[in-house]
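Shown next, in structure tokens, is the structure this report addresses.
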Amino acid sequence: MSDMRKMCRSLALAAVALMTLNGCGGGGGTEDTPTTPTTEVTAASTGVIAGRVGDAKTRAALSGVSVQIGTQNTTTDANGNYELTSVPTGTGIVARFSKDQFATNYAILDVVEGQTTFGDLRLAQVAVKQEVDAAAGDLVVLADSPAVVQLPAAGLVNKKTGAPVIGKVFVEMTPIDPGINVSAMPGNYRAGNETAPIESMGALQVEIRDQNGELLDLAAGKTATIHIPVPSGAQNPDLTIPLYHFNESTGLWQREGNANLGGTAPDQFYEAQVSHFTVWHAAKPAQTIVISGCVRDSLNKPVVATVQSSGVNYFSAESVQTDANGNFRIPARRDSEVKIYARVGDVENSVVVVTGMDDLTMTECLNTAKNPPAIVTEPSDMTFDGDGGVWLKVVAINALKIQWYRNDLPIGDSSAYLLIRGGDSAAGEYHAVVTNDYGFVKSRSAIISWSAFLEANPAGNLP
């Protein structure tokens, strides 16, 4: 470029205008020189996402879980902890959590500049993996559960290419029970085009792969029948309920049809016809109020923390970040019991709040001191006659793990709800032990009795 041309372009940029300069350009002609506005280059604002991943049922820490946000990826350590730094700020950030033999899960997080957002999550173990002939179709069932998926004959295609699939395929089916752990549900209980959070009545995740590991889906015009188990301890489920599928890109639930109640308690389910595979969720919009509160540390100083509301007598959850003064506002279902958590790193504090019809303000701040667990609602004595079973329930705060015992011997269930069935052999004394890193507490012993049903049915047969 000639010296004359360089000088002309410099003048044009300095004037920030479109100029016609005689003598600039080849052959002595004229040239229109567009200006390029100068902008200050600044580093993109970022924050940190950290948390702990555990088993949805046992709450044991899970190592080796892949955590992905956009192009960033890390894995959990031996204690289930992870951290992603330099995550671009924004709301509704989708984080994907995956591990072999576990159902993939998603957290929806807000990233604040210069702050750490805590995103704890629970992964449910894949409940059943069944080989199916794609040409014939088949019924996939889960033992001791009403969970079902009925596949049509010649009804599967490659999810990416749409090509028909024949031969052997592998179906992974996993019920998601928010009664066991509300955090096992993908997303944040928010649905597209709906202002209120949704209240869960159970979900079912289905993934189908060919022998090369490629994901499959239903062919156009084909449908499958699914049964979504009603959650542990659910009371008075609706006869018909909206059906939602999970959008992995937006992190929102999308309403698509309805599901109908079937079965008998405690083995009830929601049945629906679906045209594609994803996580299917039986749920309904909740009627909510707003709870206001604050979070303080042991020195009574404001704390930037993640706060979550979780239903005690319903199944839904919300998560927010406190502001710089440690204050928060979070939705919860009205006329309900709701547990409010605050967590900073490994320290958690929770309380149970009873809501009414109006917004409320908590009278005391949540304190992030190292608090031991405490039991809020003890398990109750019950009598059953073998027609199904009964649920025991314990409500605790600051609980990391709940372990049930029968006649002082541990049994294989580690959630707030315990289903008891099996006849006279199930009678006895039941209690729960609630633990966290700072202590433990034992519940009262609940007496479970077997009624005179046996007199009319000496065999004690259950339906």
Side-chain angles (χ1 to χ4, degrees), residues 49-68 74-83 95-109 118-129 142-145 147 172-189 200 202-207 229 231-233 246 279 281 306 308 310 315 317 319 339 341 343 345-346 348 350 373 392-405 410-419 432-438 440:
I49 289 180
R52 175 182 292 170
V53 183
D55 187 292
K57 186 171 184 179
T58 68
R59 297 177 183 248
L62 290 179
S63 62
V65 177
S66 172
V67 184
Q68 183 177 359
T74 188
T75 56
T76 58
D77 63 18
N79 297 315
N81 296 318
Y82 74 93
E83 183 179 82
R96 183 178 187 270
F97 297 76
S98 59
K99 180 180 173 68
D100 189 38
Q101 299 182 15
F102 285 81
T104 301
N105 204 348
Y106 300 81
I108 314 303
L109 306 167
F118 291 97
D120 288 359
L121 203 72
R122 301 288 182 263
L123 297 186
Q125 295 187 38
V126 171
V128 61
K129 184 175 183 178
L142 174 61
D144 300 321
S145 168
E172 292 185 351
M173 180 178 69
T174 306
I176 302 173
D177 187 341
I180 293 177
N181 195 302
V182 72
S183 299
M185 191 69 66
N188 59 359
Y189 293 87
S200 176
L204 187 71
Q205 185 166 2
V206 178
E207 286 191 347
S232 304
F246 185 67
V279 184
H281 194 178
T306 299
Q308 185 182 57
S310 176
F315 307 114
S319 182
K339 194 180 294 186
Y341 302 79
R343 183 165 191 265
D346 292 331
E348 181 182 280
S350 56
L392 275 183
K393 176 182 179 181
V394 63
V395 179
I397 58 174
N398 308 325
L400 178 62
K401 181 181 179 180
I402 298 174
Q403 176 65 56
W404 288 94
Y405 292 79
I411 53 180
D413 204 304
S414 303
S415 68
Y417 292 93
L418 176 67
L419 176 61
V433 174
V434 184
T435 60
N436 68 10
D437 294 337
Y438 312 110
F440 70 93

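Numbering starts at 1 and runs along the sequence shown. Quick caveat, the model's predicted, so the values are computed rather than measured.
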Is S232 close to L419 at the side-chain level, that is, under 4.5 Å between some pair of heavy atoms? no
Has N105 got a side-chain atom pairing as donor or acceptor with A184's backbone, closer than 3.5 angstrom? yes
With the side chain counted from C-beta on, respond yes when L418 and I411 share a heavy-atom pair under 4.5 Å apart, and no when they do not. yes
State, to 0.1 Å, how close S415 and I180 come at their nearest heavy-atom pair, and which atoms those are. CB-CG2, 3.8 Å
Looking at A107 and L121, what are the two nearest heavy atoms and their distance? CB-CD1, 4.0 Å
With a 4.5 Å heavy-atom cut-off, do P175 and L142 have their side chains touching? yes
Determine yes or no for a side-chain-to-main-chain donor-acceptor pair under 3.5 angstrom, with T75 supplying the side chain and S66 the backbone. no
How long is the span from the OG atom in S319 to the CD1 atom in I108, to the nearest 0.5 Å? 11.0 Å
Nearest heavy-atom approach of P410 to Q403 is CB-NE2, 4.1 Å
To the nearest 0.5 Å, how far apart are CZ in F118 and CZ in R52? 11.0 Å
Euclidean distance, D177 CG relative to L204 CG, rounded to 0.5 Å: 12.0 Å
In Å, rounded to the nearest 0.5 Å, how long is the span from CG of N181 to CD1 of I176? 11.5 Å
If you take all heavy atoms of F97 and G119, which pair is closest and at what distance? CZ-O, 4.3 Å
Would you name the heavy atoms of G202 and P231 that are closest together and state the gap between them? N-CG, 3.5 Å
T74 meets the side-chain contact (heavy atoms from CB on, under 4.5 Å) criterion, sequence neighbours left out, with V67, Y82, L84
Within a strict 4.5 Å, meaning less than it, do heavy atoms of the V126 and Q101 side chains meet? no
Does the plane of the ring in H281 sit parallel, tilted or perpendicular to the ring in Y189? Use 30° and 60° as the thresholds. perpendicular
For Q205 and A103, the nearest pair of non-hydrogen atoms, with its separation, is OE1-CB, 3.2 Å
With a 4.5 Å heavy-atom cut-off, do T104 and R96 have their side chains touching? yes
Looking at T435, V434, N436, which one forms a side-chain contact (heavy atoms from CB on, under 4.5 Å) with N398? N436
Measure the spacing between CG of D55 and NZ of K99 and express it to the nearest 0.5 Å. 10.5 Å
Interatomic distance, K339 atom NZ to Q308 atom CD [nearest 0.5 angstrom]: 10.0 Å
